[in-house]
Amino acid sequence: MDVAAEGKAIAKVNDLVIFVPYVVPGDVVDLQIKRKKNKYAEAEAVKFHELSPTRAVPFCQHYGVCGGCKWQVLPYSEQIRYKQKQVEDNLKRIGKIELPEISPILGSAKTEFYRNKLEFTFSNKRWLTSEEVRQDVKYDQMNAVGFHIPGAFDKVLAIEKCWLQDYISNRIRNAIRDYAYEHDYSFINLRTQEGMLRNMIVRTSSTGELMVIVICKITEEHEMELFKQLLQFVADSFPEITSLLYIINNKCNDTINDLDVHVFKGKDHIFEEMEGLRFKVGPKSFYQTNSEQAYNLYKVAREFAGLTGNELVYDLYTGTGTIANFVSRQARQVIGIEYVPEAIEDAKVNAEINDIKNALFYAGDMKDMLTQDFINQHGRPDVIITDPPRAGMHQDVIDVILFAEPKRIVYVSCNPATQARDLQLLDEKYKVKAVQPVDMFPHTHHVENVVLLELR
């Protein structure tokens, strides 16, 4: 038995590979097949005969229902062992390239309350667990705030305590829930799109600042008055909130990128900080959700870049410019490219806040922006740092990197499988010199990986 990249355990019956969630290697179980394909099947454990000696006791009361933190049943030492194996297997099996010895994974110092951002959903359809259905449990209140149930877009699991974010997050969510119950506020019906309360986002930061965004649907004037009473309750109850914001969303989806954000109390942003650099984080900004591990990740990337102060660095998929600004002190110039215009505006603001004058930022699709003309205009990079989305880099981007021939490439990835594919495409000109996995998300199967490539 083994563990797959999706965090499911693997069992084999003859030649059939079976993926099973919520079990660990060493468990002896009866399985019920839920889906079967030619070469694999998906199943669930219906009876445990013997528990694995390496199994851990899940610490969260919502484990196995909310769909998150699936690896709570594995001790953390085992989680990072399997993540290390995942990186090695992907690079060797998919990449099929010559590799140096892969460094031991950097584990997260915090395995609980490590996230700086969580989003909760309101719904008038509370999810009942199988046990509650069997016992015919009746709740006086079927409105719920918590997390979407996988595979049931309109139902929400009522969360009492989530272990992912600082305790203040639980206090705020539960206080808003109780106030809404007491004052008979309507929760959204995600099928009919009726109801007021939709979502809430809580962002904490290493500077101690706290942002809360409450998102609602408002169609009548008196609803706005009710909503502001709720916001005033939140402001009075939690003076530690430095940024209390709200969004009116009358659309049929939950995306907020195209909506106006209103300030009810405090500022419209918070700050993150690392090594004396301050990064402005707005309600729509992307920032790595594990602040402490983000710092470790960026330190590895900077170390791999081997900067002396004379280099021109291209930072591809720069996001809000965090890596670009972080390495700028050690470089002659940094150029960041990102397809989201709002993120590039954040990157420019962050450079200005930190008095960084050697960083330039450009918005546009990577394969359209990073061209031979762009390189001819701005100069050949000595170092390229790339941190693409899960799908990896477009072939056109890889072609331009090969044309640019930087001395070093630092490839940061949240998906070792697509990273391995891209490394194979770069292999003719570049040799992998170092590999450093970093665990950003304890109790999940996700892993970040940093690879250093040098020109052959």
Side-chain angles (χ1 to χ4, degrees), residues 114-120 164-166 168-169 172 198-215 241-249 253-295 297-298 301 315-328 334 336-356 359-366 385 387-390 412 414 440-441 448:
Y114 63 84
R115 283 184 70 101
N116 56 39
K117 178 186 177 187
L118 274 185
E119 180 169 349
F120 302 102
L164 284 173
Q165 194 175 30
D166 185 281
I168 190 68
S169 176
I172 292 170
R198 291 190 72 129
N199 309 89
M200 66 175 286
I201 299 168
V202 181
R203 299 188 87 144
T204 55
S205 82
S206 54
T207 60
E209 293 174 292
L210 176 61
M211 176 185 288
V212 176
I213 311 159
V214 186
I215 301 146
I241 295 175
T242 56
S243 173
L244 180 56
L245 312 174
Y246 68 93
I247 296 172
I248 309 298
N249 179 9
N253 62 62
D254 288 338
T255 58
I256 61 170
N257 289 334
D258 55 342
L259 298 173
D260 293 331
V261 181
H262 308 276
V263 177
F264 186 81
K265 177 200 165 191
K267 301 175 296 182
D268 66 352
H269 61 274
I270 56 178
F271 281 101
E272 277 288 353
E273 195 171 275
M274 59 175 78
E275 283 189 1
L277 293 171
R278 287 166 66 78
F279 296 97
K280 182 181 177 184
V281 179
K284 301 176 187 178
S285 298
F286 171 79
Y287 194 86
Q288 285 280 5
T289 49
N290 185 338
S291 301
E292 291 180 19
Q293 280 298 81
Y295 178 42
L297 183 76
Y298 298 155
D315 181 29
L316 311 185
Y317 312 92
T318 192
T320 55
T322 316
I323 292 180
N325 287 316
F326 185 70
V327 305
S328 62
V334 182
I337 307 173
E338 166 63 44
Y339 73 95
V340 181
E342 294 84 359
I344 285 297
E345 291 311 307
D346 284 346
K348 291 176 180 176
V349 168
N350 286 328
E352 193 177 329
I353 288 167
N354 293 290
D355 197 30
I356 293 168
L360 296 172
F361 295 100
Y362 295 94
D365 190 296
M366 193 63 55
I385 300 174
D387 185 4
R390 290 191 66 78
V412 182
C414 59
M440 302 289 286
F441 306 108
E448 296 268 344

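Note that these values count all heavy atoms, side chains included, but never hydrogens, waters or copies made by symmetry. In this chain, numbering begins with 1 at the start of the sequence shown.
If you check the side chains of Asp346 and Ser285, you find a donor sitting under 3.5 Å from an acceptor. In this model, a donor atom of one side chain and an acceptor atom of the other lie less than 3.5 Å apart for Glu275 and Tyr295. Checked by atom type, the side-chain pair Asn253/Thr255 shows a donor-acceptor distance below 3.5 Å.
Screening Arg203, Arg278, Lys267 against Glu209 for a salt bridge (charged side-chain N to carboxylate O under 4.0 Å, His left out) leaves a single residue, Lys267. Just one of Ser169, Ser291, Ser205, Ser206 meets the side-chain hydrogen bond (donor to acceptor under 3.5 Å, both in side chains) condition when paired with Asn116; it is Ser291.
The local environment of OH in Tyr362 is crowded, with over 12 non-hydrogen atoms from other residues, nucleotides or ligands closer than 6.0 Å.
To the nearest 0.5 Å, the span separating CG on Asp387 from CD1 on Ile323 amounts to 5.0 Å. Once rounded to the nearest 0.5 Å, the distance linking CZ of Phe361 with CG of Asn350 reads 8.0 Å. Atom CE of Met200 sits about 9.5 Å away from atom CD1 of Ile213, to the nearest 0.5 Å.
For His262 and Phe264, the gap between ring centers reaches or exceeds 6.0 Å.
Side-chain atoms of Thr242 come within 3.5 Å of backbone atoms of Leu210 as a donor-acceptor pair (strictly under, hydrogens ignored). Of the possible polar contacts, none joining the Lys348 side chain to the Gly321 backbone as a donor-acceptor pair under 3.5 Å is found.
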List the steps and the verdict of side-chain contact (heavy atoms from CB on, under 4.5 Å) for Thr322 and Phe286. CA-CA 10 Å; Thr322 316; Phe286 171 79; over 6 Å; no
